[in-house]
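This report refers to the structure that appears directly beneath it.
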Amino acid sequence: MISHTGLNSRLGQNEFMSKMMKPRLISKEQARIVADNGGVIGVWTHLADSPTEFADNIKAMVDVVGVDHVCIGTDTKLTPAYRSPNDQGQRPENGKKEDGKQVGFENKQNGQPKKENDKKNQKGPQDTNHSWEVQKDGFYYTVVEALLNAGFKEEEIAKIGGGNYCRIFDAATKK
């Protein structure tokens with residue numbers, strides 16, 4: 001699996017990003033090697049200035065290796081974070097969990113406890129990373145819409161959107 005890449009023939013319009021990303025990109029020949037060995041290539045968002053451009057980059061990779069070897073490759077949160085209804089986000093006063101271990105930094109900001117009224121620390125739809133200015137909904141929903149508009153069928157989007165990754169993850173983790 002190559003998780004964060006794209007074709008080195010699709011550099012986008014942003015010269016700075018193109019220069020920075022070029023070492024991470026692969027040729028069509030390298031993409032075929034991955035696919036010929038059953039692998040999956042995650043197309044990265046970094047060279048797309050819009051959901052349409054991202055869908056075009058995915059389509060370009062699919063045209064080279066086929067839909068069974070392409071997935072979304074991103075650091076972007078695909079959907080809002082799940083919070084259990086039982087999770088109140090509370091930590092013990094003494095800074096230690098029930099097992100006596102120190103509470104991690106994950107509940108602190110700049111060494112201080114997170115403020116409950118700080119919007120960027122609240123959980124929910126606002127946690128979804130917006131990659132593009134035109135994006136109104138969560139990343140995953142926006143990408144699915146762009147892929148539909150690019151002519152992909154629902155079953156192809158299911159593969160690109162997670163099915164291909166799950167297939168190779170299952171194969172790699174079977175005992």
On a heavy-atom basis, which atom in [X] and which in [Y] lie closest, and how many Å separate them?
X: Thr142; Y: Pro51; answer: CG2-CG, 3.4 Å
X: Thr5; Y: Arg24; answer: OG1-O, 2.6 Å
X: Val62; Y: Val67; answer: CG1-N, 3.7 Å
X: Ala48; Y: Phe54; answer: CB-N, 3.4 Å
X: Val70; Y: Val40; answer: C-CG1, 4.0 Å
X: Ile72; Y: Tyr140; answer: CD1-CE1, 4.2 Å

Practice prompt. Answer yes when Asp63 and Lys59 have at least one side-chain N-carboxylate O distance shorter than 4.0 Å, and no when they do not.
Written response: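 Yes, Asp63 and Lys59 are salt-bridged.
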
Cut-off 3.5 Å, no hydrogens considered: what does the side-chain donor-acceptor table look like for residues 146-160, sequence neighbours left out?
{"unit_1": "Asn149", "atom_1": "ND2", "unit_2": "Glu145", "atom_2": "O", "d": "3.3"}
{"unit_1": "Glu156", "atom_1": "OE1", "unit_2": "Lys153", "atom_2": "N", "d": "2.7"}
{"unit_1": "Lys159", "atom_1": "NZ", "unit_2": "Asp68", "atom_2": "OD1", "d": "2.6"}

Could you tell me the separation between the [atom1] atom of [X] and the [atom2] atom of [Y], rounded to the nearest 0.5 Å?
X: Asn8; Y: Ser18; atom1: CG; atom2: OG; answer: 11.5 Å
X: Met1; Y: Asn37; atom1: CE; atom2: CG; answer: 15.0 Å
X: His46; Y: Met21; atom1: NE2; atom2: CE; answer: 5.5 Å
X: Tyr165; Y: Asp170; atom1: OH; atom2: CG; answer: 9.5 Å
X: His69; Y: Ile168; atom1: NE2; atom2: CD1; answer: 10.5 Å
X: Lys22; Y: Leu11; atom1: NZ; atom2: CG; answer: 5.0 Å

Worksheet item: Could you go step by step and tell me if Asp36 and Val65 meet the side-chain contact (heavy atoms from CB on, under 4.5 Å) rule?
Response: CA-CA 8 Å; Asp36 289 347; Val65 299; over 6 Å; no

Could you list the donor-acceptor pairs under 3.5 angstrom formed by side chains in residues 27-35, with sequence neighbours left out?
{"unit_1": "Ser27", "atom_1": "OG", "unit_2": "Glu29", "atom_2": "N", "d": "3.4"}
{"unit_1": "Ser27", "atom_1": "OG", "unit_2": "Glu29", "atom_2": "OE1", "d": "3.4"}
{"unit_1": "Ser27", "atom_1": "OG", "unit_2": "Gln30", "atom_2": "N", "d": "3.1"}
{"unit_1": "Ser27", "atom_1": "OG", "unit_2": "Gln30", "atom_2": "OE1", "d": "3.3"}
{"unit_1": "Gln30", "atom_1": "OE1", "unit_2": "Ser27", "atom_2": "N", "d": "2.8"}

Discussion item. Using the side-chain hydrogen bond (donor to acceptor under 3.5 Å, both in side chains) criterion, which residues pair with Arg10? Sequence neighbours excluded.
Written reply: Asn57

Item to complete: Check whether any side-chain heavy atom of Val43 lies under 4.5 Å from a side-chain heavy atom of Leu7, and answer yes or no.
Response: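 They are not in side-chain contact.
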
